[in-house]
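Written out below as structure tokens is the structure these notes cover.
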Amino acid sequence: MSLGEALKGIVKKIARSTRVDRYFLEEVIRDVQRALLQADVNVRHVMSLTKSLREKILTSDITTKLNVREAVIKTLYDEIVSIIGDGMDIPLKPQKIMLVGLQGSGKTTTAGKLAIYFKNRGLKTGVICADTFRPGAYDQLKQLVEKEGIGFFGIKKEKDAVKIVKEGLRTLKDYNVIIVDTAGRHALEDDLIQEMVQIDRALSPDQRFLVIDAAIGQLAGKQASAFHEAVGLTGIIVTKFDGTAKGGGALSASKETGIPIAFVGTGERLDDFEKFDPERFVSRLLGLGDLKSLLEKAEEALKEEEIDAEAFLKGKFTLKEMYRQLEAMKKMGPVSRIFDMLPFGFSLDIKDDMFETTEEKMKKFRVIMDSMTEEELTNPKIIDGSRIQRIARGSGTSPSEVRELLKYYKTMKNVMKSLRGGKIPLKKLMKRLGV
Ligand SMILES: Nc1nc2c(ncn2[C@@H]2O[C@H](COP(=O)(O)OP(=O)(O)O)[C@@H](O)[C@H]2O)c(=O)[nH]1
Ligand SMILES: [Mg+2]
């Protein structure tokens, strides 16, 4: 399972939970821990993240929040952003870029992706094939970029990479962005370092990006440090994020080395490539976009059932309105779920048996209300002692039961008022309601 899949699963679990209590949150923390360790995030990071997550989400402060689920998800999001490397500014101006990295890390593919990135942003872009090591390198890059309308320079069979770069710079002098694809080796050897340093001198690039395969996990940290020492990196491009369960390792290793992540490759196709923005990236990793649409769907369902959140929040709250709202809510399934979906964030720690009382009460309310006049229903204030007696007799209930309904209504009305005002001690109110 990829890191994204694991984290999305956790977020869904939080969003759908009927109870958010200490036990549940401990379970969430364990799930997060497991997901990060499986994604090869350094143990030290995982420990400090879970410690801080534990401090933040197990406090009474968060568990009494109305939208406790959102608060937990937001905290999780913040914490993951904090262990992931920074993104970086890539100005859209003329520049030279050198790509370095081990063989097979994805340099040539990335050269093509990067070229398209700049071309699509209006910069005339060309690539130079300075890989004199791998026999097919020239053809691979040429084929990759030429059909995309990107400039190409290379000298087939030439063994001197520096010569190629120098000639390439002359040939492509009208181009705004020059990307140089270099050769890799299986490891960072002396002759590779030599070659990188020489190309670097000939090119004097604005950016030196290390292309790194996400599958190596947290080893990315060591590799990045070694390359950094050899040529001085300005950024990292993580590739093959799509094909590995260890993607978290490279992302957190960047944080450790302090070298920002410039781009992330997420597939073999040339457009499977994105500028790295930690917040957007984590948001997608957690599936927060989906979550938003999930919440939107819930709101739509509520609208269809004519639960009018607006009416809830506006002053006109009659007994009839209260009953209508409760009825509509009942139609929507288990009440605890409805409370979860209410747009103003009724996120309560509610036991299911609390609602059986409510269902019973609602039946009684119906009976009592059937014995009220239209005037009493729309303006319950007028219901005095003698009216209570009459309603009780007419509905076969007792005056105290009628009073209970009126009390329920009053409290509910107050809830609506305070909802308008923003803050409400919802738990206390619900308790008073006996819900
Ligand atoms: N799934 C996936 N494959 C990639 C990605 N980037 C590169 N590859 C593949 O990795 C292999 C090696 O890529 P290449 O660019 O030749 O690596 P180089 O040796 O560093 O130049 C190729 O088969 C690419 O299609 C990526 O982001 N996702
Ligand atoms: Mg290559």
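First listed ligand is number 1; within each ligand, the first listed atom is number 1.
Within the 4.0 Å heavy-atom criterion, neither part of D181 lies near ligand 1. Residue R269 does not touch ligand 1, judged by heavy-atom distances below 4.0 Å.
Between D139 and K156, at least one side-chain nitrogen of the basic residue sits less than 4.0 Å from a carboxylate oxygen of the acidic one, meeting the salt-bridge criterion. The pair D272-K113 does not count as a salt bridge, with every side-chain nitrogen at least 4.0 angstrom from each carboxylate oxygen. Classification of E26 and R54 as a salt-bridged pair holds, one side-chain N sitting under 4.0 Å from a carboxylate O. Taking a cutoff of 4.0 Å between a charged side-chain nitrogen and a carboxylate oxygen, K163 and E158 qualify as a salt bridge.
Heavy-atom contacts of R134 reach the following atoms of ligand 1: 16 (O), 19 (O) (cutoff under 4.0 Å). Close approach to Q140 involves these atoms of ligand 1, each under 4.0 Å from a residue heavy atom: 16 (O). Taking every heavy atom of L102 and a limit of under 4.0 angstrom, the matching atoms of ligand 1 come to 20 (O). Interface atoms of ligand 1 facing T109, defined by a heavy-atom separation under 4.0 Å, are 7 (C), 13 (O), 14 (P), 15 (O), 24 (C). The T266 neighbourhood of ligand 1 comprises atoms 27 (O), with distances under 4.0 Å to a heavy atom of that residue.
Under a 4.0 angstrom heavy-atom cut-off, D242 registers as being in contact with ligand 1. A heavy-atom separation below 4.0 Å is not found between D272 and ligand 1. Distances from ligand 1 to the non-hydrogen atoms of G101 include no value under 4.0 Å.
Under the side chain to side chain contact (heavy atoms under 4.5 Å, CB included) criterion, F152 pairs with V127, C129, Y138, L141, K142, V145, E146, sequence neighbours left out. Applying the side chain to side chain contact (heavy atoms under 4.5 Å, CB included) rule to K255 yields the partners D86; only residues at least two apart in sequence or on another chain are considered.
Ring-plane geometry between F273 and Y117 is classed as perpendicular, the angle between the planes exceeding 60 degrees on a 0 to 90 degree scale with a lower cut at 30.
Atom 17 (O) of ligand 1 has its closest protein heavy atom at G106 N, 3.0 Å. If you check which protein heavy atom lies closest to atom 23 (O) of ligand 1, you get E268 OE1, 4.3 Å. Of all protein heavy atoms, the one lying nearest to atom 11 (C) of ligand 1 is K240 NZ, 3.9 Å. Closest to atom 26 (C) of ligand 1, if we only count protein heavy atoms, is G267 O, 3.1 Å.
Of the polar atoms of K113, at least one N or O is found under 3.5 Å from an N or O of ligand 1, judged by distance alone. At a 3.5 angstrom cut-off on N or O pairs, K107 counts as close to ligand 1.
Of all the listed residues (G243, G265, G104), G104 holds the heavy atom that lies closest to atom 19 (O) of ligand 1.
Taken to the nearest 0.5 Å, the CD atom of Q140 stands 6.0 Å off from the CZ atom of R134.
Under 2.8 Å from the Mg ion (ligand 2) lies an N/O/S atom of T108, whether from backbone or side chain.
Checked by atom type, the side-chain pair D181/T108 shows a donor-acceptor distance below 3.5 Å. Side-chain atoms of H45 and Q218 include no donor-acceptor pair closer than 3.5 Å.
Residue-environment remark: NZ (K222) stays at or below the threshold of 12 foreign heavy atoms within 6.0 Å.
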